[in-house]
*Asks:* 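Input: one structure, supplied below.
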Number of protein chains: 2
Amino acid sequence: MQETGLAASERPRITAPHRELLDQVLDKWSLQVLEELCEQPQRFNELRRAIPVVTQKSLTAALRRLERNGMVERVVTSTRPLAVQYRITPLGTTLQELLDALLCWTTVNMADVERARERYDDEV
Amino acid sequence: MQETGLAASERPRITAPHRELLDQVLDKWSLQVLEELCEQPQRFNELRRAIPVVTQKSLTAALRRLERNGMVERVVTSTRPLAVQYRITPLGTTLQELLDALLCWTTVNMADVERARERYDDEV
DNA sequence: CGGTATCCTTCTCGATACTG
DNA sequence: CAGTATCGAGAAGGATACCG
């Protein structure tokens with residue numbers, strides 16, 4: 001079958017790698033971590049206190065994922081007891097704009113969405 | 001410790017309702033459904049074929065969520081057998097820009113992310 | 001065609017306890 | 001302080017069968 005490029009002008013599609021990256025970076029805890037670290041670098045327990053109510057396990061997982069994807073940096077100071085600081089990377093700050101766009105969208109459209117929900121829930 | 005309101009100029013935070021809305025609308029299948037319906041209205045089984053490889057259950061769930069949140073419209077024609085068409089709403093199209101922004105971000109930064117992953121995976 | 005209902009497996013996530 | 005390890009409950013999601 002010879003496709004003649006009729007779909008050439010279509011918008012790009014979400015492929016598996018894109019999807020996977022978004023999943024790693026837009027999940028519940030990661031977004032809140034990014035928000036916090038955009039404000040200022042912070043230590044593990046500072047983040048824990050700042051994000052209500054994340055468990056150690058979930059926070060660790062989110063930080064590792066973000067670190068692996070190059071969004072945050074983990075800086076260890078080998079004092080006693082040891083200090084670990086997390087800070088956002090340049091790559092991470094590019095996510096901040098996206099975060100703002102997401103937040104902006106929800107803010108602008110929340111009222112419409114809520115009306116739609118009421119309509120939907122009523123007619124059931 | 002007396003906070004003097006120094007955080008007054010801070011960026012808005014993701015609250016639970018915002019978070020919830022994003023979850024309902026940015027999940028794996030919903031994004032692909034929105035992509036499809038942005039191109040053209042489609043019927044249930046058309047969507048099913050267009051999105052590899054979604055199960056009936058997952059597709060139904062995604063469509064119901066999107067419908068409830070006002071992103072897609074379900075149009076039933078009572079023929080025999082009955083025909084159901086799904087189409088994107090004006091509210092749904094506002095999501096399209098966001099989708100583009102997400103896709104653009106992943107496209108631009110994918111290479112950096114992959115380098116970061118390799119670096120991380122190597123040093124373990 | 002366009003679904004629902006049910007079962008069953010997988011994965012997530014919190015709670016808890018322990019460590020360098 | 002900054003985690004790791006382990007367990008169990010619950011939710012997500014696929015496979016299958018059936019219905020108007």
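Numbered from 1 within each chain, the chains take letters A, B, ... in sequence-line order.
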*Asks:* Go nucleotide by nucleotide along DNA chain D from the 5' end; which of B:Gln56 and B:Arg65 gets its closest nucleotide reached first?
*Replies:* B:Arg65

*Asks:* Between A:Thr55 and C:dC13, does any side-chain N or O lie under 4.0 Å from OP1 or OP2?
*Replies:*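 Looking at the OP1 and OP2 atoms of C:dC13, neither is under 4.0 Å from any side-chain N or O of A:Thr55.
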
*Asks:* Quick check: on DNA chain D, is the nucleotide nearest A:Ala83 upstream (toward 5') of the one nearest A:Lys57, or the reverse? Name the residue that is more 5'.
*Replies:* A:Ala83

*Asks:* Within the pair B:Tyr86 and C:dC1, is there a side-chain N or O less than 4.0 Å away from OP1 or OP2?
*Replies:*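 No, B:Tyr86 has no side-chain N/O under 4.0 Å of OP1/OP2 on C:dC1.
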
*Asks:* Classify the nucleic acid contact of B:Arg80 as base, sugar-phosphate or nothing, counting any heavy atom under 4.0 Å across all strands shown.
*Replies:*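 Result for B:Arg80 = nothing.
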
*Asks:* Would you please confirm or rule out a distance under 4.0 Å between OP1 or OP2 of D:dG3 and any side-chain N or O of A:Arg74?
*Replies:* yes

*Asks:* What is the separation between atom CZ on A:Arg43 and atom P on D:dG3, rounded to the nearest whole Å?
*Replies:* 10 Å

*Asks:* When you check the gap from the basic side-chain N to the acidic O, do B:Arg117 and A:Glu20 get nearer than 4.0 Å?
*Replies:*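 A:Glu20 and B:Arg117: salt-bridged.
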
*Asks:* State whether B:Arg115 and B:Asp112 are salt-bridged, where the test is any N-O pair (Lys NZ or Arg NE/NH1/NH2 against Asp/Glu carboxylate O) under 4.0 Å.
*Replies:* yes

*Asks:* Between A:Glu123 and B:Arg74, is the closest basic N to carboxylate O distance under 4.0 Å?
*Replies:* no

*Asks:* For B:Arg48, which contact category applies under a 4.0 Å heavy-atom criterion: base, sugar-phosphate, or nothing?
*Replies:*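 No contact.
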
*Asks:* Let's see if you can work this out: which of D:dC1, D:dA2, D:dT4 has an atom nearest to the side-chain heavy atoms of A:Thr60?
*Replies:*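 When the side chain of A:Thr60 is considered, D:dT4 is the closest of D:dC1, D:dA2, D:dT4.
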
